[in-house]
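Here is the naming used below: chain letters follow the sequence lines, and residue numbers restart at 1 for every chain. Computed from heavy atoms alone, side chains included, the values below leave out hydrogens, waters and symmetry copies.
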There are 2 protein chains.
Amino acid sequence: MAQFINRKEDLVTEAIDGVLRGANGRLARLDGFPHIKVVVRTDWDKSKVALVSGGGSGHEPAHVGYVGKGMLTAAVCGDVFASPSVDAVLAGILAVSGPAGCVLIVKNYTGDRLNFGLAAERARAYGIKVAMVIVDDDIALPDLPQARGVAGTLFVHKIAGALAESGADLETVCTAAKQVVSDVSSIGMSLDTCTVPGSPKEARIAVGKAELGLGIHGESGIELVDFEGAKIAMALVLERLKPHAGQGSKVVLLNNLGGATPLEMAVLAEEMAKSSVIDDIQYLVGPAPMMTSLDMRGFSVSILPVQPRELTLLQSEVPMLDWPGCIALSAPGIVPIPDGLTPIKPIPSEDPKVAEFIANCCDVFLGAEAELNALDAQSGDGDTGSTLAGASRALKAAIPQLPLADSTQLYRAIGLELSQTMGGSSGVLLAIFFSAVGDAASSGLPNVEALKAGLARVQEVGGAALGDRTMIDSLAPALDALPDGFNAAAKSARAGAEHTANIVKAKAGRASYISEDRLSGHNDPGAEAVALLFESLT
Amino acid sequence: MAQFINRKEDLVTEAIDGVLRGANGRLARLDGFPHIKVVVRTDWDKSKVALVSGGGSGHEPAHVGYVGKGMLTAAVCGDVFASPSVDAVLAGILAVSGPAGCVLIVKNYTGDRLNFGLAAERARAYGIKVAMVIVDDDIALPDLPQARGVAGTLFVHKIAGALAESGADLETVCTAAKQVVSDVSSIGMSLDTCTVPGSPKEARIAVGKAELGLGIHGESGIELVDFEGAKIAMALVLERLKPHAGQGSKVVLLNNLGGATPLEMAVLAEEMAKSSVIDDIQYLVGPAPMMTSLDMRGFSVSILPVQPRELTLLQSEVPMLDWPGCIALSAPGIVPIPDGLTPIKPIPSEDPKVAEFIANCCDVFLGAEAELNALDAQSGDGDTGSTLAGASRALKAAIPQLPLADSTQLYRAIGLELSQTMGGSSGVLLAIFFSAVGDAASSGLPNVEALKAGLARVQEVGGAALGDRTMIDSLAPALDALPDGFNAAAKSARAGAEHTANIVKAKAGRASYISEDRLSGHNDPGAEAVALLFESLT
């Protein structure tokens with residue numbers, strides 16, 4: 001069993017109870033488990049026409065997800081892909097029907113027709129006015145007069161439901177429902193079959209192929225077509241629908257058959273919207289899983305021409321989250337990129353002492369390239385020295401363009417330079433360090449405090465703490481000692497760097513993936529680089 | 001490629017545009033495709049604290065689905081499972097941040113931390129107040145200080161979003177967000193890996209096993225456990241969460257990692273609600289796909305202890321359908337089964353002539369059993385004779401209990417008897433026929449008209465028309481001729497039955513699946529049975 005269920009015999013009853021627990025009291029069920037699985041609205045007073053639908057389970061959120069104000073009054077659930085019994089349907093009808101009567105909305109499958117049909121007869125014997133609407137929206141089998149009922153059923157639920165909620169009488173609701181049935185067309189496509197609980201999965205569709213024209217019970221599509229991407233798939237589906245699509249404004253219901261990801265469905269929506277195969281597609285319901293076939297990686301498109309009256313009914317609000325609304329399609333709204341992505345180039349200024357200081361620092365790293373690479377080879381990929389040397393070379397070359405006379409701007413400029421030339425996590429972290437130091441300096445902190453603010457920001461973003469075997473292990477003690485002069489700082493940095501050789505459980509950075517044996521006895525290359533830098537300043 | 005996409009390079013940009021088209025104008029994107037993929041609210045005036053989140057794609061509906069009033073102000077999207085660039089994040093921050101500042105909500109992955117962190121620095125250089133909250137709710141790796149950020153992030157989005165919408169200042173929003181981060185815990189379980197677009201699927205998890213403690217990027221879970229059904233799976237997950245769950249009222253967020261069906265998620269919700277592992281789970285968010293890992297068949301549970309203040313923020317309404325609300329868990333509401341499921345037994349009454357008539361009709365079918373079976377063997381499974389004979393035997397035995405003196409009740413009683421004894425589609429159809437005849441008779445139609453009303457109902461429910469090679473082909477002409485007497489009716493019934501031998505394209509019933517060769521030259525057994533019945537009445 002590769003599904004999150006218990007026994008397949010209990011699947012539907014457990015799932016119904018699970019839905020009810022989270023339904024905020026909007027829904028209840030009849031006390032007839034396991035035989036009678038009927039979910040009803042709790043806010044129903046029988047004063048209006050009741051709408052009862054249902055059928056086999058495995059199509060969730062249909063039909064329980066559509067029970068509520070403005071859509072269904074009751075859903076009668078069978079086991080997975082099996083029609084509910086006559087008794088179950090009758091129980092549903094009797095539970096919700098008042099003097100205004102009841103419309104049964106039935107997908108065109110023999111079992112459902114017969115069981116809903118006989119239940120209707122038995123209800124009529126009690127004097128209940130029952131009408132039945134059979135939905136046959138599938139156009140996959142054009143020669144078969146008995147077309148299947150698939151996702152187009154949702155249009156019937158919504159339009160008839162909104163009408164019934166408005167107080168329309170049985171005949172009006174029924175006539176509108178039948179008009180939708182006669183106008184709506186659907187077809188589905190899938191890249192894979194579905195997994196029926198308790199049965200092995202049938203691997204029927206080869207890679208590179210898709211089935212076109214499938215029902216919602218795992219039955220084969222009528223055609224096996226080449227699958228050549230979302231655009232061509234959508235075009236093929238729309239081509240098939242075109243002769244049935246009708247005139248004027250149209251609504252498309254884009255249904256996830258269960259296993260397509262939201263990314264795929266959004267791409268299909270985009271292709272549908274961009275397509276010119278069918279004119280006047282102005283409104284969209286979905287994309288969303290609405291009438292699924294368990295976990296089938298497929299989609300279906302249902303199309304309905306609408307007049308303003310139907311559109312109003314389709315767009316009336318309902319409290320059920322599983323109805324995604326009927327939205328006017330629009331081109332993607334695009335707003336300009338804000339100014340500021342290209343960093344403002346600082347105005348260069350001169351300060352020979354600062355220039356010399358920076359150049360000396362760069363020289364430290366240029367001279368230590370091989371040594372730092374060798375250290376890094378013990379715990380990483382051996383490029384710390386080269387990375388620092390490369391950045392130092394670039395920074396040294398950039399000195400004439402730096403705002404050397406303005407320390408706030410200078411820190412930021414160094415951060416920017418490093419973020420553009422150094423790459424990798426360490427480049428980003430050093431850029432963050434210098435940017436944050438620049439911020440702190442601009443807010444007036446003395447230089448040691450500004451450096452410490454930069455370190456704090458690096459720790460916040462990078463997530464490393466003292467003792468995690470990173471450059472922080474030498475930088476933090478160096479900054480602590482810096483008020484006592486460069487000698488003290490260098491001594492502290494050195495001690496910190498040497499200590500990293502004893503840290504064999506790295507907790508951050510790449511060294512955290514390296515075995516203790518390999519780390520032991522070698523300084524962390526970042527910490528060593530910081531120590532070398534401070535030592536050069538003495 | 002077994003997914004509904006075009007090129008994987010265009011996947012995310014096409015999907016974003018697809019979402020925007022159906023967003024009813026609520027959302028727009030920055031004009032930076034393909035590098036900058038940022039979705040923003042269109043109803044945003046920068047007067048409040050902005051919330052920016054995002055990260056790699058493949059977690060839909062996160063994060064675009066949560067952009068809107070009361071949650072995120074902008075979502076910055078990377079490619080599938082890849083962090084967005086620093087420029088993209090900066091563009092998002094600059095696009096939505098006003099004087100009130102901006103909170104970045106970042107899931108704890110190195111790439112996201114660094115890129116969001118550096119973007120924050122660059123934004124601060126423009127004087128924008130930017131705070132960053134790093135979510136690390138995953139408890140799968142208790143020894144790693146760098147816990148991952150997973151679905152618990154949604155709690156941060158919702159609580160911080162509601163606060164920001166209420167006009168709270170940056171520090172208040174940030175403090176509340178950090179409190180959620182410190183309180184929330186999550187863990188996931190999966191039965192299968194995910195399919196990364198453009199990469200082959202790794203079949204890593206054996207049947208009968210589940211991975212516990214996974215991230216949301218297809219990385220392995222930390223434990224491979226036996227999978228023994230939904231109940232035990234949920235118990236295991238809750239046991240792991242228990243030490244982290246905190247005190248008092250708790251909210252559970254039940255997240256579909258992408259590939260679990262709504263049925264499975266509802267079963268998991270039921271098991272969660274029934275479990276006693278963790279006390280005081282009083283509220284539920286979901287089940288729904290909220291922070292997915294493409295199509296992974298798995299789920300995660302996030303748990304958050306809440307005070308009334310957080311609960312109010314969690315329960316405030318938002319227009320985004322992808323936020324399923326935060327509902328008080330309740331026991332399933334159960335209402336009694338309505339009266340009427342056990343049909344009212346009619347009061348027996350005597351009429352010797354009617355009794356004899358019924359008995360004679362039954363005898364016709366009892367005598368024709370072998371002949372009708374033989375005919376049915378040509379087009380079906382050879383049991384029409386036996387089915388009719390069995391029902392006739394039962395009906396004959398029931399004659400003393402029938403309301404023979406009340407024709408309306410009699411028809412209904414026959415229908416009920418047949419529905420209980422005959423079985424199969426034909427049993428249901430005959431039951432519908434007699435029930436409908438009874439209804440029509442009760443409404444005062446003369447008998448032939450009542451019989452025709454029954455036939456019409458059978459055609460409505462069964463979907464068969466004249467010429468479809470069913471019993472209708474003899475019954476319909478017989479009823480048309482009945483006003484001229486039994487002889488005329490019998491003659492018409494016979495002619496109709498003989499005609500079915502020429503109908504080689506059956507359109508309804510089981511014969512529609514049989515080849516033309518096999519059907520040709522043989523009467524339909526149902527039509528033949530009707531003809532035999534009318535002939536017996538002459």
Side-chain angles (χ1 to χ4, degrees), chain A residues 2-6 14-15 17-22 24 28 30-32 60 87 91 94-95 113-114 117-118 121 124 145-146 191 229-231 261-264 266-270 273 284 294-295 321 327 329 332-338 340-341 412 425 428 431-432 435 439 461 463 507, chain B residues 2-6 14-15 17-22 24 28 30-32 60 87 91 94-95 113-114 117-118 121 124-125 145-146 191 229-231 261-264 266-270 273 284 294-295 321 327 329 332-338 340-341 425 428 431-432 435 439 461 463 507:
Chain A
Q3 295 183 44
F4 291 108
I5 66 173
N6 296 303
E14 289 176 350
D17 272 352
V19 170
L20 295 184
R21 286 181 192 272
N24 217 8
L30 298 188
D31 187 13
E60 294 68 28
D87 276 1
L94 295 176
R113 288 179 76 132
L114 297 180
L118 182 52
E121 293 304 335
R124 288 182 188 117
Q146 295 282 6
L191 296 174
K231 181 190 283 292
T261 60
L263 275 176
E264 292 169 87
V267 170
L268 288 168
E270 172 69 0
L284 177 65
L294 292 167
D295 59 353
L321 287 174
I327 303 298
L329 276 165
I334 301 177
V335 296
I337 295 192
L341 283 198
R412 284 184 182 154
S425 304
V428 174
I432 288 172
S435 298
D439 280 353
V461 173
K507 287 186 178 159
Chain B
Q3 295 182 44
F4 292 108
I5 66 174
N6 296 302
E14 289 177 348
D17 273 351
V19 170
L20 294 184
R21 286 182 191 271
N24 216 8
L30 297 189
D31 189 13
E60 295 67 27
D87 276 1
L94 295 176
R113 287 180 77 134
L114 297 180
L118 183 51
E121 292 305 335
R124 287 182 188 116
Q146 296 282 6
L191 296 174
K231 179 190 286 292
T261 60
L263 274 177
E264 292 169 270
V267 170
L268 288 167
E270 173 69 1
L284 177 65
L294 293 167
D295 59 354
L321 287 175
I327 303 298
L329 277 166
I334 301 178
V335 295
I337 295 192
L341 283 198
S425 303
V428 174
I432 288 171
S435 297
D439 279 353
V461 173
K507 286 187 181 160

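- The choice from B:Leu341, B:Leu321, B:Asp295, B:Asn24 that makes the most heavy-atom pairs within less than 4.5 Å of chain A is B:Leu341.
- Top candidate by heavy-atom pairs under 4.5 Å with chain B, chosen from A:Thr261, A:Asp87, A:Ile334, A:Leu30, is A:Ile334.
- Between chain B and the residues A:Ala269, A:Ala91, A:Pro332, A:Gly117, the largest count of heavy-atom pairs under 4.5 Å involves A:Pro332.
- Between chain A and the residues B:Ala95, B:Gly22, B:Gly18, the most heavy-atom pairs under 4.5 angstrom are made by B:Gly18.
- At a threshold of 4.5 Å between non-hydrogen side-chain atoms, the residues B:Phe4 and A:Val267 do not count as touching.
- Ranked by non-hydrogen atom pairs under 4.5 Å with chain A, the options B:Ala28, B:Pro336, B:Gly32 are led by B:Ala28.
- Chosen from B:Val335, B:Ile327, B:Leu268, the residue pairing most often with chain A at heavy-atom distances under 4.5 Å is B:Val335.
- In terms of heavy-atom pairs under 4.5 angstrom with chain B, the leader among A:Leu94, A:Leu20, A:Ile432, A:Ile337 is A:Ile432.
- Between A:Leu294 and B:Leu263, some side-chain heavy-atom pair lies under the 4.5 Å cut-off.
- Across every non-hydrogen atom of A:Ala15 and B:Ala266, the tightest pair is O-CB, 3.4 Å.
- Both the backbone and the side chain of A:Arg21 come within contact range of chain B, each with at least one heavy atom under 4.5 Å from a heavy atom of that chain.
- For A:Ser435, the parts lying under 4.5 angstrom from a heavy atom of chain B are both the backbone and the side chain.
- Closest non-hydrogen pair, B:Glu270 versus A:Glu14, comes out as CB-O, 3.5 Å.
- A pairwise comparison of heavy atoms in A:Leu118 and B:Ala431 identifies CD1-CB, 3.8 Å as the closest pair.
- A donor-acceptor contact shorter than 3.5 Å links the side chain of A:Asn6 to the backbone of B:Lys231.
- Among A:Leu329, A:Asp439, A:Leu284, the residue with the largest count of heavy-atom pairs under 4.5 Å with chain B is A:Asp439.
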